[in-house]
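Have a look at the structure below, then the notes.
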Amino acid sequence: MDINKLKNLNAFISLTSAVKTGETEPAGAITYALADNICTTELKTTCASFMLKAYQPPFGSSAAQKLKEKGALLVGKTNMDEFGVGAWGKSSYFGAVKNPWNEKHTAGSGAAAAVAGGAVTLALATDRWGELRQSAAYCGVMGLKPTYGRISRRGLIDCAPSLEQLGIIARNIADLASALETISGNDPQDPTSYKGDVPSYTDQLQERVRTIKVAVPESWADAPYMTKEVKEAFANGLGRLNKTCFQVETVALPHLRQSLITAVIIGAVEAFSNMANFDGVRFGLRAKGNHLQEMYRLTRTEGFSSEIKQFLTFGALISSGNYYNDYFLKAQKMRTIIKKELDQCLQQYDLILAPTTPFKAPLLGDGDNVNNESLLPDSAASYTAAANLAGLPAMTFPLPSPGTDRLPTAALHFTAKAWDETLLLQTARLLENEQE
Amino acid sequence: MPEFETVIGLEVHVELLTDTKLFCGCSTAFGADPNTQVCPVCLGLPGGTLPLFNKTAAEYTIKAALALNCKVTPTIDFDRKNYFYADLPKGFQISQFFHPMGKDGFVNVNLNGENKKIGIHQLHLEEDTGKLSHIGDIMSSPISSVDFNRAGVPLMEIVTEPDIRSAEEARLYLQKLHSILCYLGISDCKMEEGSMRCDANISIRPMGSTELGKKTELKNMNSFRSVYRGIEYEVERQRTIVLSGDSVIPETRHWDEAKGVTRAMRSKFVSADYRCFPDPNIPPFPASAAWVEKIKDTIPELPDARHSRFVEAYGLPPYDAEVLTTSKEMADFYDGVLACYNEPKLASNWIMSELMGLLNAAGLEITESKITPAALGKLLELIGKGEISGKIAKSVFEEMFNTGEDPALIVEKKGLTQISDADTLHQIVSKVLAENPQSVEDYHGGKKKALGFLVGQIMKETKGQANPQLVNDLLQEKLRD
């Protein structure tokens, strides 16, 4: 794939010198891209923000390092919403990313566009309340967010540490399983990293799976801005599931609909705190100010987009004074309830299945037509956010039902028990086989 | 004139003596070149702020919590205290807001012979900040520099209940706390170097009132003495305000050591809302009963226990016990002397007058003394056995202090052994009497002072080595003849 063909998609922020000089890649090498909030020593890491436009991290991401050691070839750093806040592709300092299937629509992220467009075998990106899975769905590729702690977060410039983690986007399940096996495992540098063993995902892909018990929440069609198109495509997809492999039942998950607002509140408060280090003192942009406070104010005013500032201000507000108890504390309690609800459901079922997003890839510019208080951009995370709140592994699998606009219409979103990525991969393999 | 009661609570920050910082592997050594002991974690670099918890710091804090009679938390977790300042790399300080390491403890202080318990509200672990430096005054300095070597050094904060009633009590509490922490060996507690810092919350109220008055927070006191002076000044200032009918403005005030006054700090910042919440990057760490018990076993005998032992087992006066147990090293030294020669009061006298006197004059710590406990024990034994006189012993002691030599060697080398041989002394006494007939006559004439002169002559003759008791006996015997 000629990387230059992807140029008009605006999928990459920077490319490695190997690609720039047109050097041919070693035969059989796995190529990969990294979202530009994953630190690398060879390329700048900008988080698609003016704040970090020239930032060169002194160390690289542990996960990316493992891919490199395996002989995979880094192609470049992909474009994204600034600091990964949003799945719209419009807050990037470097401009929006276009969907490879239809350039009038968003790709959600450069990582998904690069994989869907064939520029790389796979990409690593972050998932805070579903951005990785949403953009994979918009672009018709697979996206996995593993269990919280499965992949080291070292070297990830995150904004919401308790929700956000690295995930993988790929076109086929073999590549995805192999990448997961490579980058998983304990990292002593990450205190939240899981100490358990990493299963050999590639071997387990071949294993025969017993009948998988699937729970579909009865509220699956209730998300705000749910489109008729997605409803039909998802119902269709459900109907086509192989009855010998999948046993599908509808279940009540009454708190699922609270997961979006819960994740937004917790994410915003954590981001307000986590991004306080962008103060112009030690790295990144520094605006001139007559005194310290002014330097802070101007640095953050100039360095961040209005989307980020709105998000951080929201986080500052709901963690202050009385709002702390009324919103932030309640959100933390709701998080516990949601986690319990999902865990209980997953004691009886192997997987929870819902649409990945309530709508297909929005038109670029759609976000401009709604007022700022609209939930439209965030409502994309209506089904994905719960897995982040509960730390569970979740995966999106594309349905083969493009409309006349060539865009993927809907995708299946599976959530599994903690540490059971294996079942997600095996499920995806079954679906992949059916489609072939 | 209405009577007032002073109400004081102290917040003491203590840097822990761990080799590395609280959440990264950087060195905590004092005095390195600016920004040479830093890494992505303690600098708060993007993508690098995953904190790796230093278990030794927790151990030290639990040790202190136990020594201060606190209840220890069953789970160690950390919170973020969010605020912007140039010395705070991450824009938040990792601290323990919700679950402090220890709670509800106390410290005993000796108040004019009476014991008073000062309540410990809580004790918690947090990160120290970096250090700002300015050219002259902060407000007029054209630039400010920041050194992050200190950022992330483990800091323990100990907060008292508002139990302290005077500047003197505050000083006694601080000295006791200092002593306990030094015994534990978890901090070097140097107020001058900032490894122990004290802030005081001060208010006054009419005697008998149970309500708290408006308080001020006093900062920048860099010695026990300045804590005392600062509080004294601030209490008097508040009294004057209240007596004049005004009310105290609640504010942070700065102690000016040179001018001996407190000043309101010019602060541009509105009172902060720290938005504390559990740090999502630090998993809770269980403080198991077994682990806490193991830590408890490493706590040495503390000042109070040692004081009781010195009084009860050695029969020392409480004053001696107090002086000797204030520093662990001094108390260890004392125990060491007794292990060699068991005369508690004799040893205490020598340490408190001779040894402390010479150490003070030379500006040395007990740990720097060339005299070992065993050597002092030997010296006391020489006195006890009558081999040298007390007076000679003092000169031997001085020699030991300067050279660290063994007392027996000094005595032998200089021929200082006491002359206790009656025949030898007999001859000398006869000689001196023969040479001083006038004094003998004076003595017989009733001038008892003449005796002293004759003793002096004998001592001169023997270079001070004569056994004074024997000289006295012999002289009186001869003069009676």
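No experiment lies behind these values; they were computed from the predicted model shown. These values consider heavy atoms only, across backbone and side chains, with no hydrogens, waters or symmetry-generated copies. Just so we're on the same page: letters track the sequence lines, and every chain starts at 1.
Residue contact with chain A, scored on non-hydrogen atoms closer than 4.5 Å, involves the backbone and the side chain of P89(B) alike. Proximity to chain A (any heavy atom under 4.5 Å) is shown, for F277(B), by both the backbone and the side chain. Within the 4.5 angstrom heavy-atom criterion, atoms from both the backbone and the side chain of D190(A) approach chain B. Residue contact with chain A, scored on non-hydrogen atoms closer than 4.5 Å, involves the backbone of C276(B) exclusively. Interface remark: N274(A) contributes backbone and side-chain atoms alike to the contact with chain B (heavy atom separation under 4.5 Å). Proximity to chain B is limited to the side chain of P58(A), based on heavy atoms less than 4.5 angstrom apart. Heavy atoms of F83(A) lying under 4.5 Å from chain B are absent altogether. Of the two parts of Q332(A), only the side chain, counted from C-beta on, holds a non-hydrogen atom closer than 4.5 Å to a non-hydrogen atom of chain B.
For the atom pair OG of S162(A) and CG of N281(B), the computed distance is 9.0 Å after rounding to the nearest 0.5 Å. For the atom pair CZ (R282(A)) and NZ (K90(B)), the distance works out to 9.0 Å, reported to the nearest 0.5 Å. Taking CG of D87(B) as the reference point, atom CG of L292(A) lies at 9.5 Å (rounded to 0.5 Å). The structure places CD of Q293(A) at 9.0 Å from OH of Y85(B), a figure rounded to the nearest 0.5 Å. Going from atom CG of L45(B) over to atom SG of C39(A) covers 9.0 Å, rounded to the nearest 0.5 Å. Remark: Q189(A) CD to L50(B) CG distance equals 8.5 Å, nearest 0.5 Å.
More than 12 heavy atoms of other shown residues, nucleotides or ligands fall within 6.0 angstrom of atom NZ in K63(B). Other residues, nucleotides and ligands contribute more than 12 heavy atoms inside 6.0 Å of the OH atom of Y148(A). The neighbour count for H13(B) NE2, taken as heavy atoms of other residues, nucleotides or ligands under 6.0 Å away, is above 12. Within 6.0 Å of NZ in K309(A) there are more than 12 heavy atoms belonging to other residues, nucleotides or ligands. Open room surrounds CG on N322(A); 12 or fewer heavy atoms of other groups in view lie less than 6.0 Å from it. Counting non-hydrogen atoms of other residues, nucleotides and ligands closer than 6.0 Å to CG of D343(A) gives a total above 12. In Y324(A), the OH atom is crowded: over 12 heavy atoms of neighbouring residues, nucleotides or ligands sit closer than 6.0 Å.
By number of non-hydrogen pairs under 4.5 angstrom with chain B, the leading residue of G155(A), P161(A), S273(A) is S273(A). Counting heavy-atom pairs under 4.5 Å between each of N82(B), L52(B), I282(B) and chain A puts L52(B) at the top. Note: P191(A) leads P188(A), P191(A), G284(A) in heavy-atom pairs under 4.5 Å with chain B. For chain B, the option among M295(A), R300(A), M275(A) with the highest count of heavy-atom pairs below 4.5 Å is R300(A). Comparing F92(B), F53(B), Y274(B) by heavy-atom pairs within less than 4.5 Å of chain A, the highest count is held by F92(B). Heavy-atom pairs under 4.5 Å with chain A peak, among G91(B), G47(B), S144(B), P51(B), at G47(B).
Closest approach of E270(A) to R80(B), counting heavy atoms only: O-NH1, 4.1 Å.
Between the side chain of D273(B) and the backbone N or O of G321(A), at least one donor-acceptor pair lies under 3.5 Å. In terms of modelled atom types and a separation under 3.5 Å, the side chain of R275(B) and the main chain of A316(A) share a donor-acceptor contact.
Between F278(A) and P46(B) the shortest side-chain heavy-atom distance falls below 4.5 Å.
Using the six-membered ring where Trp is involved, F84(B) and F272(A) have ring planes that are perpendicular, over 60° apart on the 30 and 60° scheme.
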